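Model, not experiment: these values are computed from the prediction. Note that ligands are numbered from 1 as they come in the structure, with each ligand's atoms numbered from 1 the same way. Counting begins at 1 with the first residue of the sequence.
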Amino acid sequence: MIHCTPITFQGAEAIRLHSPEAGSAVILLQGGQVVSWIDPAGQERLYLSPLSPLGGEQPVRGGVPVVFPQFSLRGPLVRHGFARTQPWRCVAPQDGQEAATMATLALSESDATLALWPHLFHCTLQVTLTPWQLEMRFTANNTGTVPWHFCAALHTYLAAGPLNSVELDGLQNLAYEDTLQAGLLVHGTNATVQPRDAIDRIYFNARQPLTLTTAMGEMALTQHGWPDTVVWNPGPDGASAMVDLPDTDHDRFMCVEAALIGEPHLLAPGALWQGTQTLRALHVPTT
Ligand SMILES: O=P(O)(O)OC[C@H]1O[C@@H](O)[C@H](O)[C@@H](O)[C@@H]1O
């Protein structure tokens, strides 16, 4: 039998990747959700809300929730689909091997998912930790006999300083759908994205890589396979309205999500889709 030895992280079952050179990462079995990435300098690079209980039935706010098979409310399922609240299992490394810097978690159909979505599937998330870099590879496999459509995203909460010091470079001159304006299609300008209040945008066919500059330093964000990028922060009013987020914590993260939204993917029986998001810390402030 294949399994990893779980650790307990804030009371929830998890897998920990670590090495002296690369730092560490923690992945919850619930949701297959990365909730911590500590770089070799000891700096936490992901945001995790202190008001979001782990191991319950609610989605965990922070880290990297896996959105599947639906994005947001663009379909009949709960927002962002069911994958982020289902119990995943660790399928690699194999029992007895050192779970040093790479692990793969998997989710397949169950009575619970079939009650929500009548399809056979096998999803995996492979997480690889190297010095200053975290790579996450998501796959979706149709293990049934009929084709199905899906959307997905890695809803990455990057730790950031105050929102007014955030700048995202690489999405200039691209059109985006503005969720805060009821999905209005907005023509982009040649300015970098500098959110100073709530922001909720879907960029279709986004260019790569992006560079996120925050009070925490610079990070290169690269996605392969994922055509779209979501940029989200709830802003002060949105944060205050969320029970699982401290009132001022909109000033502690920025979500840049590698996503498949614009054209739901049709997966034939036996077919496999994959998308990778890579986070690379480029510059660490010396203060
Ligand atoms: O609160 P949730 O379900 O985790 O969603 C958070 C946000 O996720 C983003 O991906 C969406 O674009 C936002 O519209 C949404 O508010």
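- Counting protein heavy atoms only, atom 5 (O) of ligand 1 is closest to His80 NE2, 3.4 Å.
- Using bins of under 30°, 30° to 60° and over 60° for the plane-to-plane angle, the ring pair His155/Trp232 lands in the perpendicular bin.
- Taking the six-membered ring where tryptophan is involved, the planes of Trp148 and His119 are tilted, since the angle between them lies from 30° to 60°.
- Among all protein heavy atoms, the one lying closest to atom 4 (O) of ligand 1 is Arg84 NH1, 2.9 Å.
- The ring of Trp273 has its center closer than 6.0 angstrom to the ring center of Trp226.
- Short contacts between ligand 1 and Glu257, defined as distances under 4.0 Å to a heavy atom of the residue, involve ligand atoms 9 (C), 10 (O).
- Ring orientation note: the planes of Phe68 and Phe138 are tilted relative to one another, at an angle of 30° to 60°.
- Every atom of ligand 1 with a heavy atom of Phe71 under 4.0 Å away is listed here by number and element: 10 (O), 12 (O).
- For His155, a nitrogen or oxygen atom sits less than 3.5 Å from a nitrogen or oxygen atom of ligand 1, counting backbone and side chain alike.
- Closest to atom 1 (O) of ligand 1 among all protein heavy atoms lies Arg61 NH2, 2.9 Å.
- In the displayed structure, Gln208 atom CD is contacted under 6.0 Å by more than 12 heavy atoms of other residues, nucleotides or ligands.
- Residue, atom and distance of the protein heavy atom nearest to atom 16 (O) of ligand 1 are Trp232 NE1, 3.6 Å.
- The 12-atom threshold is not exceeded at CD of Glu263, counting heavy atoms of other residues, nucleotides or ligands nearer than 6.0 Å.
- Using a 4.0 Å cut-off to heavy atoms of Asp200, the atoms of ligand 1 that qualify are 11 (C), 12 (O), 13 (C), 14 (O).
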